[in-house]
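Presented below is the structure to which this report refers.
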Amino acid sequence: MANLRARRATAHDVDELRRLHAEATAPHASLWSVRRERLDPAAWVAAHTPAVLVGDGTIDVGFAVAISDGIPLGAPRCAEAFVYIARTNRRHGGARAALTELLTVCRTMGLWKLLAYALPEDPASRALLARLDFRDVGTLIKHVQLDNSWHDVIVAERLVLAARKSLPSIPAA
């Protein structure tokens with residue numbers, strides 16, 4: 001499954017989003033599984049939340065969504081980016097396709113900034129965010145407990161309207 005493509009999710013995709021969301025939040029060591037509030041894919045579609053699905057044309061294997069609930073200080077045009085790709089389909093470009101399409105959808109919907117979170121010990125996630133022009137803005141020390149141990153969480157941001165390389169006010173890392 002090397003030819004993964006992303007597309008914007010519609011009301012017809014709620015069941016697929018629910019299936020993939022259930023996989024993402026299953027009890028295993030991930031940031032998805034420790035979220036306090038439960039996210040509802042049907043509510044994403046109903047609220048016109050930026051969401052995309054990624055697949056090979058016959059089966060969807062992942063999704064990305066930009067959720068504005070819970071953003072610090074309630075910034076009105078900022079959202080938190082979530083990406084999930086089924087474990088068996090990782091390392092085939094699906095996460096990059098999903099996040100790239102999500103950035104496009106967010107831009108057309110007028111969002112200004114996306115925040116993303118990654119574990120320091122997850123080099124694939126960190127590399128993906130760096131390739132897509134997210135910049136690390138801080139580290140939350142011992143912020144989440146996974147598998148009975150505390151982990152730091154890296155906070156990254158990406159201005160949606162333009163890549164940081166084209167914005168002189170934000171220094172390159």
Check: Under a single-linkage definition using a 4.5 Å side-chain heavy-atom cutoff for Ile, Leu, Val, Met, Phe, Trp and Tyr, are V155 and I141 assigned to the same hydrophobic cluster?
Finding: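 No, because V155 and I141 fall into different hydrophobic clusters, even though each may have its own neighbours under 4.5 Å.
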
Notebook entry, point to check: Does one hydrophobic cluster hold both V137 and L140, with members joined at side-chain heavy-atom distances below 4.5 Å?
Noted result: yes

Item checked: Verdict with reasoning, D136 to R126, per salt bridge (charged side-chain N to carboxylate O under 4.0 Å, His left out) -> CA-CA 9 Å; D136 290 354; R126 306 268 321 275; 2.7 Å; yes

Has the side chain of [X] got a donor or acceptor atom that lies under 3.5 Å from a matching backbone atom of [Y]?
| X | Y | answer |
| --- | --- | --- |
| D56 | I59 | yes |
| R18 | A42 | no |
| T100 | A97 | no |
| R158 | L129 | no |

In Å, rounded to the nearest 0.5 Å, how long is the span from [atom1] of [X] to [atom2] of [Y]?
| X | Y | atom1 | atom2 | answer |
| --- | --- | --- | --- | --- |
| L20 | D15 | CG | CG | 11.0 Å |
| L114 | C78 | CG | SG | 8.5 Å |
| L53 | R8 | CG | CZ | 12.0 Å |
| T139 | I154 | OG1 | CD1 | 3.5 Å |
| L17 | H12 | CG | NE2 | 13.0 Å |
| M109 | L102 | CE | CG | 10.0 Å |

Notebook entry, point to check: Side chains of V61 and H92: closer than 4.5 Å at any heavy-atom pair?
Noted result: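 V61 does not reach H92 side chain to side chain.
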
Next item on the list: Check whether any side-chain heavy atom of V45 lies under 4.5 Å from a side-chain heavy atom of D13, and answer yes or no.
Entry: no

Notebook entry, point to check: Taking it one step at a time, do E16 and F63 satisfy side-chain contact (heavy atoms from CB on, under 4.5 Å)?
Noted result: CA-CA 9 Å; E16 277 300 294; F63 69 97; over 6 Å; no

Heavy-atom pair with the smallest gap, counting every atom of [X] and [Y]:
| X | Y | answer |
| --- | --- | --- |
| T49 | A66 | CG2-O, 3.0 Å |
| W150 | K142 | CE3-O, 3.5 Å |
| G62 | I85 | CA-CD1, 3.9 Å |

Margin query: Using side-chain contact (heavy atoms from CB on, under 4.5 Å), reason through K113 and L115 one step at a time and then give a plain yes or no.
Written below: CA-CA 7 Å; K113 181 190 292 187; L115 297 175; 4.2 Å; yes

Check: ring-ring contact (aromatic ring centres under 6.0 Å, His included) between W44 and F82: does it pass, once the steps are laid out?
Finding: CA-CA 12 Å; W44 303 341; F82 295 95; 7.8 Å; no

Check: How far apart are the C-alpha atoms of F134 and L99, what are their side-chain angles, what is the distance that settles it, and do they pass the side-chain contact (heavy atoms from CB on, under 4.5 Å) test?
Finding: CA-CA 11 Å; F134 281 78; L99 200 48; 4.0 Å; yes

Check: If you count the non-hydrogen atoms of other residues, nucleotides and ligands that lie under 6.0 Å from CZ in R5, is the total more than 12?
Finding: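 No - once you tally the heavy atoms of other residues, nucleotides and ligands closer than 6.0 Å, there are 12 at most.
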
Next item on the list: Evaluate side-chain contact (heavy atoms from CB on, under 4.5 Å) for H143 paired with D152, printing each intermediate quantity in order.
Entry: CA-CA 5 Å; H143 188 70; D152 297 347; over 6 Å; no

